[in-house]
2 protein chains.
Amino acid sequence: MLRLSKLTDYAVVVLIRLSEGERAPARCCAEDAVQTSPGIANATGVPEPTVAKVLKALAGAGLVVSQRGARGGYRLARPLSEIAVADVITAVDGPIALTACVDGGAGGCDVQSLCAVRGRWDLVNAAIREALTGITLAEMREASVPPAFRPMPDLAPRPAPAVAE
Amino acid sequence: MLRLSKLTDYAVVVLIRLSEGERAPARCCAEDAVQTSPGIANATGVPEPTVAKVLKALAGAGLVVSQRGARGGYRLARPLSEIAVADVITAVDGPIALTACVDGGAGGCDVQSLCAVRGRWDLVNAAIREALTGITLAEMREASVPPAFRPMPDLAPRPAPAVAE
DNA sequence: CGATATCCGGACCGGATCGGTACTGTATGG
DNA sequence: CCATACAGTACCGATCCGGTCCGGATATCG
C-alpha cells in the first residue's frame, strides 16, 4: 500500500498554511509573519498537539524556523517552490526507505538468505526518491486549487500488463 | 519512511526464485517447473507459511499460476521482464496509495479542513506509480547480482536543498 | 529588574494495523 | 484409496503510528 504517514499529510497542510500567512485575524501584520501552533491548528483543523509535533519535526529538519518566547511561532525557512515532497517526508517520517534492508541497513536481517535482497530495492528507492524530489509543495498547492478541473484523473498510464486490483 | 510491506520484499525474492527454476534438486526437470511452497521457503529462507501467503496473493493477482494436486506447485505466469514492481506491490499490499484521502478515498475524512488535501497527493501518487511501473523484476534481479560493484551507492542526487536527516 | 504568559521540547500511553502461525477443506496424482 | 499440496479461514503477537501530557526556556509587560 506504500503507507505514508498521516503526519506527512498534516505537514503538507501545515506548510501550505504557513506559506499563505495570516490574512484574516486581528493581529495586524506580525513582523515575521510567524504563526503559532494553535493558530495553525485552528485554521487547518488538525489537533494542536499534532501540529506542534509536525512543526517540531519540520523545525528539526530546517524546513521551518522557530521563534521562541511570548510572541513566538513558526515561519517558513524556504518558499514552497524550494521544498520538495521528499524533504517533508524525510523530515516527518525519516529517511526514505521502502524496506529495512536498504541504505542504512544496520544488518538487522535475521536470515542470511533474505539479505541477498540487499541493494535490490536501491533502484526502486532511487526512482521514488527522484520522483518525490521533483515535486515541490508549490506544485501540490497549485494542484489542489482547481478541484473542478480534475473530476477523475486517470493517474499514470500503465504500460505493464495491469492486474486485477 | 514510505513503509513498504515486508511481504512485498518476500514476494520479489519468491518471484525471482521462481524464475530461476529448480536447478539443483534431484527432481529431474519437472514438466512445468512448478515449485512448491516448502521448496521455495527452503531455498529463500522465508518461513513456509509466509511463502504460501505471498504465493496466494501473487496467484490471486495473476502473476503466478497455481497447480493444485499432489504434484502441484507454483509457476510464473509471465517472465520477470514483464512484471513491474508496481504489480507486485499492488498484488501484495493492495493498490498504491500514499494516504487515505486519495483515489478511492471513501470520504473517511473526519475533519472537513483536512479534506482540502483531497487530490493533493495525486501528483505524487502518479509519479511514484510511474516510477514503480518502469522498473521490472528482471532489472532488480540484475541489480542485485554484482554486490561487489556497488559498495556504497550514493543513490539519487538531490538537487533540492538537502536537510539534516 | 522581576513576574508572567506563552510557546517549544521531550516523554508517555493507547490504539490500530501488520506480520506470522495454525487448522481445516478440497482437489489432484500415484 | 491414500498421500500430497494448494486454498481458505481464523487467531495471536508484535511493532509502529497517532494522540496527549508535562517540563524548560524565552520574550514581553509592569
Side-chain angles (χ1 to χ4, degrees), chain A residues 1-11 13-14 27 30-32 34-42 45-62 64-75 89 92-94 97-100 108-111 114, chain B residues 1-11 13-14 18 22 27 30-32 34-42 44-61 64-75 89 92-94 97-100 108-111 114:
Chain A
M1 211 211 287
L2 261 180
R3 295 281 303 274
L4 185 61
S5 267
K6 199 183 298 181
L7 274 301
T8 306
D9 195 353
Y10 293 162
V13 177
V14 168
R27 296 189 177 283
E31 60 279 14
D32 277 6
V34 292
Q35 297 190 34
T36 66
S37 300
I40 298 175
N42 187 22
V46 182
E48 294 90 340
T50 303
V51 173
K53 178 181 288 190
V54 171
L55 266 318
K56 179 173 102 64
L58 264 46
V64 299
V65 292
S66 62
Q67 180 68 23
R68 299 187 59 133
R71 305 276 300 168
Y74 285 100
R75 180 173 51 84
I89 296 175
V92 176
D93 283 354
L98 280 78
T99 59
C109 299
D110 46 355
V111 187
L114 283 179
Chain B
M1 211 214 285
L2 263 181
R3 292 282 304 275
L4 183 62
S5 269
K6 201 183 296 182
L7 274 302
T8 306
D9 195 353
Y10 293 163
V13 176
V14 168
L18 216 49
E22 254 182 309
R27 296 188 177 283
E31 60 281 13
D32 276 7
V34 292
Q35 298 189 33
T36 66
S37 298
I40 298 175
N42 187 22
T44 57
V46 183
E48 294 90 340
T50 303
V51 173
K53 178 180 287 189
V54 170
L55 265 317
K56 181 171 106 62
L58 263 47
V64 300
V65 291
S66 62
Q67 179 69 25
R68 298 187 59 135
R71 305 278 299 170
Y74 287 100
R75 181 172 51 83
I89 296 175
V92 176
D93 285 353
L98 281 76
T99 59
C109 299
D110 46 355
V111 187
L114 284 180

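What you see is a predicted model, and the numbers here were worked out from it, not measured in a lab. Letters go in sequence order (proteins before strands), and every chain restarts at 1.
Atom CG of B/Asp93 and atom C1' of C/dG19 are 11 Å apart (whole Å). If you take CZ of B/Arg75 and C1' of D/dA5, they are 16 Å apart, rounded to a whole angstrom. In this structure, A/Gln35 atom CD and C/dC8 atom P are separated by 12 Å, rounded to whole Å. When the P atom of D/dA14 is taken as reference, atom NZ of B/Lys6 falls 14 Å away, rounded to whole Å. In this structure, CG of B/Leu58 is placed 15 Å from C1' of D/dC6, rounded to the nearest angstrom.
Within 4.0 Å (heavy atoms only), B/Leu55 reaches no atom of the nucleic acid at all.
Qualifying side-chain contact (heavy atoms from CB on, under 4.5 Å) partners for A/Val14, counting only residues two or more places apart in sequence or in other chains: A/Ile40, A/Val51, A/Leu55. Residues that satisfy the side-chain contact (heavy atoms from CB on, under 4.5 Å) test with A/Pro47, not counting sequence neighbours, are A/Pro49, A/Thr50. By the side-chain contact (heavy atoms from CB on, under 4.5 Å) test, B/Ala52 is found to be paired with B/Ser37, residues two or more places apart in sequence or in another chain being considered.
One finds no side-chain N or O of B/Tyr10 lying less than 4.0 angstrom from the OP1 or OP2 phosphate oxygen of C/dG19. For D/dG19, the OP1/OP2 oxygens have a side-chain nitrogen or oxygen of A/Thr50 closer than 4.0 Å. In terms of phosphate contacts, B/Ser37 brings no side-chain nitrogen or oxygen within less than 4.0 Å of OP1 or OP2 of D/dA5.
Relative to the side chain of B/Ser5, the nucleotides C/dC18, D/dG8, C/dT21 differ in distance, and C/dC18 lies closest. Nearest nucleotide to the side chain of B/Leu7, out of C/dC8, C/dG20, D/dC6: C/dG20. In the set D/dC6, C/dT21, D/dT9, the nucleotide with an atom closest to the side chain of B/Pro38 is D/dC6. Minimum atom distance to the side chain of B/Lys56 is reached by D/dT9, of the listed C/dG10, D/dC6, D/dT9.
Atoms NZ and OG, from B/Lys56 and B/Ser66 in turn, are 11.0 Å apart once rounded to the nearest 0.5 Å.
A donor-acceptor contact under 3.5 Å is formed by the side chain of A/Lys53 with the base of D/dG19.
One N or O on the side chain of A/Thr36 and one on the backbone of A/Gly39 form a donor-acceptor pair closer than 3.5 Å.
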Under a 4.0 Å heavy-atom criterion, the protein footprint on nucleotides 24-30 of chain C, written with B, S and -, is -BBSBS-
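Pairing each heavy atom of A/Arg75 with each of A/Val34, the nearest pair is CB-CG1, 4.2 Å. Across all non-hydrogen atoms, the minimal contact from B/Glu48 to B/Ala41 is CG-CB, 3.4 Å.
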